[in-house]
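Let me begin by presenting the structure, written as structure tokens, before commenting on it.
Both ligands and their constituent atoms are indexed starting at 1 by order of listing.
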Amino acid sequence: MFTTTFSKPATDRIPHDLFTAISDLKQELNAVILAHYYQDADIQDIADYIGDSLGLSRKAANTDAEVIVFAGVHFMAETAKILNPDKLVLLPDLNAGCSLADSCPPDKFAEFKAAHPDHLVISYINCTAEIKALSDIICTSSNAVQIVRQIPADQPIIFAPDRNLGKYVIEQTGRDMVLWDGSCMVHETFSEKKMVQLKMEHPEAEAIAHPECEPSVLRHASYIGSTTALLNYVQQSQSQSFIVATEPGILHQMQKSAPDKIYIPAPPLNNCACNECPHMRLNTLEKLYLCMKNRTPEITLPEATRIAALKPIQRMLEMSA
Ligand code: 13P
Ligand code: SF4
């Protein structure tokens, strides 16, 4: 009788102590690990820097490391590559996309832009390199209002791809912008009805929200901001409990930085886990280890697209310095 033993290739063997193995690889590769707040807690704990999209872009623009390991989604790692063409940029799972970026196909957006020839194009960083290449200025949720306020009043603007952030910016600035009709599948799951119920159950809690949420949810929030802004807010606020309407990965840092406060994740419409970003959560500690060990998957993009996409990112960094 034959016995067949299947053994994994040496490159795929997972060490028992992943934290030590990843730290060793970090030294070996001269790598920096950048992570978004929506990553699993263990990934956040091993990262060199955790931040919102603006913070991560700034960090990517200034790092001395030879290798950037991006624990986030594709558009974030791609932005790091646009800023660092000579560095190896690794993403633990190449399928970690973004529904918002997917909601804006470049061919359709080029037609939309052509239909509004006098408009300046401001695009939210949650878009592909091709959309960035078609844009004049990139923004994030933490600087969108600040950037739009710097545009002369008589200059018409297209804002893409997130209609909810666009509506929020219109409300804050009073600017009339043409909006691309895109949205984030995660932030769209929050339900106004459930938010109101939760507020009635916890009258002492302060509701805070990310501007990717729909206006019907945002109107129940006493504070609206990017992930970093929400994190800073809970530390500074006098309130002791918060209803948090964004991806619940952020709660890990909230619990670490203000451990005595109470954080209640805003509920999605059904009792599902759909307030967790399925793209972000594709990355795991194992995949983080493997991408560093095997130096793949890496982010690549055509040089012409990279150069065209770099300009509006640089404008953003200058305008929000
Ligand atoms: P910020 O972290 O920049 O607020 O963005 C949230 C988000 O949706 C990232 O995909
Ligand atoms: Fe994209 Fe929404 Fe996930 Fe952010 S939370 S990566 S916008 S799908």
| Thr140 and Ser142 side chains, donor-acceptor separation under 3.5 Å | yes

| message | Taking atom CD as the centre, does Gln150 end up with more than 12 heavy-atom neighbours from other residues, nucleotides or ligands that are less than 6.0 angstrom away? | response | yes

| remark: Partner of Glu247 under side-chain contact (heavy atoms from CB on, under 4.5 Å), picked from Arg281, His36, Gln39, is Arg281

| task | Determine whether the side chains of Ser320 and Gln146 contain a donor N or O and an acceptor N or O closer than 3.5 Å. | result | no

| Taking the non-hydrogen atoms of Tyr37, is any one of them nearer than 4.0 angstrom to ligand 1? | no

| said: Strictly distance-based, threshold 3.5 Å: is any side-chain N or O of Lys132 a donor or acceptor partner for the main-chain N or O of Cys127? | reply: yes

| said: Under 3.5 Å, is there a donor on one side chain and an acceptor on the other for Ser123 and Ser135? | reply: yes

| field | Atoms in ligand 1 with a heavy atom of Ser226 nearer than 4.0 Å | value | 4 (O)

| field | Side chain Lys167, main chain Pro215, donor-acceptor under 3.5 Å | value | no

| task | For atom 3 (Fe) of ligand 2, check which protein N, O or S atoms are under 2.8 Å away and list them. | result | Cys277 SG

| Do Arg163 and Glu188 meet the salt-bridge criterion of a basic N to acidic O distance under 4.0 Å? | yes

| Is it true that a side-chain atom of Ser57 and a backbone atom of Ser53 form a donor plus acceptor pair closer than 3.5 Å? | yes

| said: Taking 4.0 angstrom as the limit and counting only heavy atoms of Ser141, give me the atoms of ligand 1 inside it, by number and element. | reply: 1 (P), 3 (O), 4 (O)

| field | Those atoms of ligand 1 less than 4.0 Å from some heavy atom in Met76 | value | 9 (C), 10 (O)

| note | Residue, atom and distance of the protein heavy atom nearest atom 4 (O) of ligand 1 read His210 NE2, 2.7 Å

| Going by distance only, is there an N or O of His36 that falls short of 3.5 Å from an N or O of ligand 1? | yes

| query | NZ of Lys87: more than 12 outside heavy atoms within 6.0 angstrom? | reply | yes

| If you measure from atom 10 (O) of ligand 1 to every heavy atom of Leu165, Asn126, Thr246, which option wins on shortest distance? | Asn126

| query | Counting both backbone and side chain atoms, is some N or O of Thr227 under 3.5 Å from an N or O of ligand 1? | reply | yes

| query | Got an N/O contact under 3.5 Å between Asp52 and ligand 1? | reply | no

| task | Indicate, as side chain, backbone, both or neither, the part of Thr140 found under 4.0 angstrom from ligand 1 when only non-hydrogen atoms are considered. | result | neither

